[in-house]
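Per chain, numbering begins at 1; letters A, B, ... match sequence-line order.
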Protein chains: 4
Amino acid sequence: MRKKEHSHEQGGRPRSELSTVAILKATIELLEENGYSALSIEAIAARAGVGKTTIYRWWSNKEYLLLDVFLRVTQSEVQFKEHASIQQNFSQLLISLTNVLSSTVGRTMLSIVAQSGPDSEIANKFYSSYLQPRRHGGKKILESAITKGEIRNNVILDLVLDMLFGPIYFRILVYKDNPSVEYIESLVDQVLEGITT
Amino acid sequence: MRKKEHSHEQGGRPRSELSTVAILKATIELLEENGYSALSIEAIAARAGVGKTTIYRWWSNKEYLLLDVFLRVTQSEVQFKEHASIQQNFSQLLISLTNVLSSTVGRTMLSIVAQSGPDSEIANKFYSSYLQPRRHGGKKILESAITKGEIRNNVILDLVLDMLFGPIYFRILVYKDNPSVEYIESLVDQVLEGITT
Amino acid sequence: MRKKEHSHEQGGRPRSELSTVAILKATIELLEENGYSALSIEAIAARAGVGKTTIYRWWSNKEYLLLDVFLRVTQSEVQFKEHASIQQNFSQLLISLTNVLSSTVGRTMLSIVAQSGPDSEIANKFYSSYLQPRRHGGKKILESAITKGEIRNNVILDLVLDMLFGPIYFRILVYKDNPSVEYIESLVDQVLEGITT
Amino acid sequence: MRKKEHSHEQGGRPRSELSTVAILKATIELLEENGYSALSIEAIAARAGVGKTTIYRWWSNKEYLLLDVFLRVTQSEVQFKEHASIQQNFSQLLISLTNVLSSTVGRTMLSIVAQSGPDSEIANKFYSSYLQPRRHGGKKILESAITKGEIRNNVILDLVLDMLFGPIYFRILVYKDNPSVEYIESLVDQVLEGITT
DNA sequence: AAATAAACGAGACGGTACGTCGAGTCTTGGG
DNA sequence: CCCAAGACTCGACGTACCGTCTCGTTTATTT
């Protein structure tokens, strides 16, 4: 489970922002250098010049630490442009997703989720904080297009979204072949082919 | 790397089939009971009534052991029926794939692949022994349909295959929601929608 | 080589005296019960209720541990009584030596030294911490007797000391027949026979 | 315990002298190269080009193998010259003893004996095959001298022998300082000093 | 200013599992 | 029946990290 929120209402030394940043920085560095399997809390603490206790005080374990790193690194907005075409909107969404997930931190985060069990809190945090917003953005694009009559109104939205997102995850996670912009555009075109009016 | 092939041409006690089977059996049992993260070579050896050395003699590490377990469990044929419809052929292919990959061993194997680096030998073995054959089966179905004129001849085969396989992997690996038969049939229908003549 | 001295000047949890004592106690117990050859660090750790790491943190290996046990057990003074006779002084020295070396810990320590190479650090520690002081005590007795004119002044001191100590070690180490008080007194008498004026 | 005698009366392949010699040779070589603690049956078998089984068929363990090596290497006679002086007889006896025991094999054998328990079969074999004969030789020298009236007839023979042998073992085993010829001659002189008429 | 209180670095602690080594045994085929 | 080869079970090795636990110290807020 995740660490209890520490409030700081009645006295005591406040949490050190310096340490926090050093820890996150060390985590990313060591991850890039040696990969997730070789990543140890002890090494992070040493590199960050921090006691192990400080890490455990704020994060329950490596996975929560990685989740935090991931979320801090990828705090970009999900924007949806009303005036752009469906293709453009989807391409932009998927390209930004690909950029994030094909980074070292992104791939690591994905593989943690893949590793985790069905009701894992970490996976749920990842869904609600990262995945759902992007998926919701995709849904908005589709609904807007249906309203405009550009897309058939009898399509199963979740299925269509899976056809758009699924191949991206698949190529990154399983095939280790990060999708190019051309790939993404072809994918969007091909999916739209089957659902346009 | 993988263990060197041990030949048994001149002399020496032959490899014990009994031990081999006991190891594989113990691995599956412990995996089902406690999950991959709690799976240790020591526990496998103890459960199998086998020395640790015997495990390390034949498998470099847990991952190769799991790969071996996976491949022995899933040695089914990829059949392709000429007379069945494209829908039927694809549905059958994806249903069988889903059954395998959503099992405990299957999901574990997938997450090992997800965890592994880009040029991992383990991932390559998994591709060539399991993934490629299924994908090749899918390609054959498509090509046959193109020859029959049922599918447009300007579609990008690999992309279409990604649209079929991708969502399956995605739901199993990331969403932990194993695809139902209905889901798979809808998926096949929706993909075909965009590529039929 | 021996473990580096750990100081505890700035920070860190201090070394646990409880664990240290438990380890030394367990070592002695297991040694008495099963002998040195059956003595394992794992068993000591288990018996002492201590992690193996804690043992390895403070002692490089079984031999240093045994040396430490030996020295803590045998921290007796080497006293030399001016008013007693040479015979009495030597008998007392050799009896106390025999008592120590014919104990389980003592014999074990001796056999470790016997086993060790010519420039072994462990043997040197044993010499300087235990052997040399007793030998020095013997030398003092001889020199005092020479001054008093009771012993010829042309004897080779080291040789005489070897004639006193050698038989003791020999009987304990090789013949496994611990010298009795009578044996020691006869030995002292016989040696003195050849060197008195 | 020691290996049962293998008779070779009713057929079967006879014991290979070649293998036996190769094993003994390999044992000595590896002992000289790396010391006793690093000496393993596996290494001996490999160096000798011999199966481990062959070693275990004829020797119960490393210690018996070493004993065998020792006895084969030191199969010299204990001669006693009637016409030589007591000094000369003892010096010769102790010098030859020193030469044997200060060799690598000799020191190893001694330390095995030192290590062993009080009723160890290996130690007993060593006594009866090697030590007792030399000691008996020493006793004969003393008795002959008493008969001749050169030595007092009230000395305790075993004690005198201990005073001669003890220092030698002591210096080799504990002090790792092999006695020189001069040392031995001084020792013999000093001991005789106390027992001559 | 003093007292309180929490966070900090350091690092020792009990554990678990690792991957390796060697012991002594067993099982082949071959001499 | 011996032998080389080599796989077997078993037990211990010494190492790496885990997550927890003291320490003495530092940095705030509250009295």
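Listed nucleotides: dA4(F), dG19(E), dG24(E). Nearest to the side chain of Tyr56(B): dG19(E).
In this structure, Trp58(A) reaches the dC8(E) phosphate: one of its side-chain N or O atoms is under 4.0 Å from OP1 or OP2.
For the pair Asn61(A)/Tyr64(A), a side-chain contact is recorded, criterion being any heavy-atom separation below 4.5 Å from C-beta on.
In terms of position along DNA chain F, the nucleotide closest to Ala48(D) lies nearer the 5' end than the nucleotide closest to the other residue of the pair Gly51(B) and Ala48(D). Mapping Ser40(D) and Ala38(B) onto DNA chain E by nearest heavy atom places Ala38(B) closer to the 5' end of the strand. Positionally, the nearest nucleotide of DNA chain E for Ser19(A) lies more toward the 5' end than for the other of Ser19(A) and Ser19(C). Comparing Ala45(D) and Glu42(B) by the nucleotide of DNA chain F that holds the closest heavy atom to each, the one mapping nearer the 5' end is Ala45(D).
Applying the 3.5 Å distance criterion, the base of dC26(E) shares a donor-acceptor pair with the side chain of Arg13(B). Residue Arg15(D) places no side-chain atom within donor-acceptor reach of the base of dC2(F), judged by atom type and a 3.5 Å distance cut-off alone. Side-chain atoms of Thr53(D) and base atoms of dA5(F) include a donor and an acceptor less than 3.5 Å apart. A donor-acceptor contact under 3.5 Å links the side chain of Lys52(A) to the base of dG19(F).
Using a 4.0 Å heavy-atom criterion, one finds that Thr54(B) contacts the bases of the nucleic acid, with or without backbone contacts as well. Here Lys62(D) lies in heavy-atom contact (under 4.0 Å) with sugar-phosphate atoms only.
Heavy atoms only, all atoms of each residue included: Arg47(B) and Ala26(B) are closest at CG-CB, 3.5 Å. Of all heavy-atom pairs spanning Ser116(D) and Ala123(D), the tightest one is OG-CB, 3.7 Å. Considering every non-hydrogen atom in both Arg72(B) and Thr20(B), the closest pair reads NH2-CG2, 4.2 Å.
Of the options Val105(B), Leu65(B), Ile41(B), Thr108(B), a side-chain contact (heavy atoms from CB on, under 4.5 Å) to Thr27(B) is made by Leu65(B) and by none of the others.
Here the P atom of nucleotide dG19(F) and the OH atom of Tyr64(A) are 13 Å apart, to the nearest Å. One can place CZ of Arg57(C) at 17 Å from P of dA10(E), the figure rounded to the nearest angstrom. At whole-Å resolution of the value, CZ in Arg47(A) and P in dA10(E) are 16 Å apart. Between the CD atom of Glu17(D) and the P atom of dC3(F) there is a distance of 10 Å, given to the nearest Å. When rounded to the nearest whole Å, the span between CG of Asn61(C) and C1' of dT15(F) equals 15 Å. Distance CD1 (Ile55(D)) to C1' (dA5(F)): 13 Å, rounded to an integer number of Å. We find that CG of Leu18(D) is positioned 14 Å from C1' of dC2(F), with the value rounded to whole Å. Ile23(A) has its CD1 atom 12 Å from the P atom of dA10(E), to the nearest Å.
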